[in-house]
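Structure first, commentary second.
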Amino acid sequence: MTSLDRSVGGAAAPTVTSTWSRAWIVWSVCASLPVVGYYTVPALGGGPTAQALLYMLVSMSTVGALALGIRGHRPETRSTWWLLAAGQVAYSSGDAVYYITSQNDATYPVAANVLYLSQYLFVAAALVKLTRRRSPQRNTAALVDTAILAVGAAVLWWVFLVYPTITDPSIGMLDRVAATAYPVMDLCVLTVAIRLMLSGGVRQPAYQLLLAFLGLNLLGDTSYGLLTLAGSFADGGWTDATWLIGYVALGAAGLHPSMRHLSDPVEARSGATPYRVVLLGVATAMAPAVLVVQTLRGAAQSDLVVVGASAVLFLLVLLRMAGLIAAQRRLAITDALTGLYTRRFLSEQLRTESDRAARYGGSFALLLLDVDHFKRVNDTYGHPAGDQVLVEVARRLRSTCRASDVVARFGGEEFAVLAPATDLENLAVLAERLRARMNETPILVDGRTPVAVTVSIGGIAAVPPHALTADELVNTADAALYTAKRGGRDRVVIADPAQRAEPTAAEDTPRDETQELDRHIQEWATVVGEAARQRPDAVPVPASVVSGICAAWAVMRVPGPTLGFSVEEARAELRRCRGVQFPSHLVDQFLALEAAGVIGTVRASAVAVVPAAVSA
């Protein structure tokens, strides 16, 4: 009843057929018929036995629906659904025991209670497994929110269900224990269900149907408890409808195709949404509100419990607020791409270290690192590849530095390392170790292309008696960094602590090489763009795409330690990007012009050669 599609790796993945995709609808319609019959049988002359049989038919057939869903849809985590099926088996067995023994015994059968209560254990275990699959990462905020909501609900359960039951002298001991166990088990299932809902992620139809089952079951149990305390509960009432419809929803959840993806991991969320804040506010105010209601009613027997719950809620709210503040702090001081500290945090720590050194005479050091020829990587492989390079550089920095060092993204492709308790000699060793770490192995971009990456490093150590302010330290390290870049890159320059460096002027930056490269790219883009427009099959192409091809060629053909492709290697690389990164006809046009000699050796008359090159 399922068809199998072969994936790329040769593994078989089940694909749901149209028959199985409609099974949940068929089940919902068919299961609704005995539900309707449950309430119409008495009007047609049927007795309690006919009603009981119809009730058990819906309850027991839900087990079959879950088994068929597991067999047909083959979810990755079948144990979750088998636990739900086991819980339904226990409940259906309890129904059977109850209706059989109640014919000859007026007391509530203990065996039926045991079976009924075991359903909650199976359901809770299923929800725990489902929550761990959907949210495997630790989420403290969701746990605190769950505790707040659970405590708020527990106050209601205690005041209106548990306490009246345990203090009612007309209820026997066994019945009192059972009547108390049901709301306690409901509260346990509710707590796990709240944690599942707070995990976020896609709410598939199967997810919503499962929640409907839980909600209807909870509503039925609560109504049963309240009506029993009031002495107005009767079989065949509206509370039975909540349980029956809940069973239909559970069977539909097991048969819906989306049940296969119910346990897919979801992305963790902070949970600081307006809806959740309102919900938490209501739960927090629950205990004080109940205390006010009890005082107005003159029922103060549960005051101590409610006051204790209020104190627990207060502490949980404080813990939640502390978590939110810590999360906002992490976001403010952490770079989103690399996970390193931000420049603002580095500046704060730099001032702290500077003040500490001035007060106690200690030493510390600052390194500034710049990824060499990073623009070439972006121009050749694209910005996503550039991001991969930055992430890997950040990872190597973290793994090489000490735990006490502050590693930050200084801006763009620049990084910084603040090393406390470090003198000039140790600073030089650390800087050289970082430079060598970057050269160890190339960085893979787009999953398969190795790119050799080097860094230029400038550093300064603040050691007594040379007191440097934070700004002077940054300026001196920045000047040392540019000295390393002007000296050929892939090297370390450590400044003299006795020097005071001013901020590096823009005109001092080594830009001759970059300006020459940009001039070549502009000239080639003009040639290629004009030739592409003269083609019979010309199609409009953005100028940025033309410039991208020319920039890729220029970067590959410039000699250097990172790239420096030969002509044949550069041609092969462009052909690899044909139809993937660049339009096919544009790559063909570029390679034709390159073969004709127009690209590669730039002349002042390059533009004038275009017609001859095109005809060639």
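The shown structure was predicted, so the numbers you read here are calculated from the model rather than taken from an experiment. Side-chain atoms are counted along with the backbone in the values below, which use heavy atoms only and exclude waters and symmetry mates.
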Closest non-hydrogen atom pair, [X] against [Y]:
X	Y	result
Thr338	Leu390	CG2-O, 3.9 Å
Val391	Leu337	CG2-O, 3.7 Å
Pro136	Pro265	CD-CB, 4.4 Å

Verify the neighbour count for atom [atom1] of [X]: are there more than 12 heavy atoms of other residues, nucleotides or ligands below 6.0 Å?
X	atom1	answer
Tyr341	OH	no
Arg344	CZ	no
Glu425	CD	no
Arg435	CZ	yes

Main-chain N/O of [Y] paired to [X] side chain as donor or acceptor, under 3.5 Å:
X	Y	answer
Gln204	His261	yes
Thr400	Leu397	no
Arg491	Arg489	yes

Query raised in the report: What's the verdict on salt bridge (charged side-chain N to carboxylate O under 4.0 Å, His left out) for Glu348 and Arg329, showing C-alpha distance, side-chain angles and the deciding distance?
Result: CA-CA 13 Å; Glu348 294 176 357; Arg329 171 66 174 169; 3.7 Å; yes
Are [X] and [Y] side-chain neighbours, meaning at least one heavy-atom pair lies under 4.5 Å?
X	Y	result
Glu392	Ile443	yes
Asn139	Arg195	yes
Ser354	Leu473	no
Leu340	Thr334	no
Met286	Val151	no
Thr342	Leu346	no

Would you say the side chains of [X] and [Y] form a donor-acceptor pair under 3.5 Å?
X	Y	value
Asn426	Asp423	yes
Thr140	Arg320	no
Ser135	Ser199	no
Asp372	Ser456	yes

Query raised in the report: Tell me the salt bridge (charged side-chain N to carboxylate O under 4.0 Å, His left out) pairs involving residues 398-421, sequence neighbours left out?
Result: Asp335-Arg409, Arg402-Asp405
Requested in this report: Evaluate side chain to side chain contact (heavy atoms under 4.5 Å, CB included) for Val451 paired with His373, printing each intermediate quantity in order.
Outcome: CA-CA 11 Å; Val451 176; His373 303 297; over 6 Å; no
Residues [X] and [Y] bridged, charged N to O under 4.0 Å:
X	Y	result
Arg276	Asp145	yes
Glu76	Arg133	yes
Arg571	Glu594	yes

**Report entry** Derivation of the salt bridge (charged side-chain N to carboxylate O under 4.0 Å, His left out) call for Arg351 and Asp355
**Finding:** CA-CA 6 Å; Arg351 283 191 290 270; Asp355 293 342; over 6 Å; no
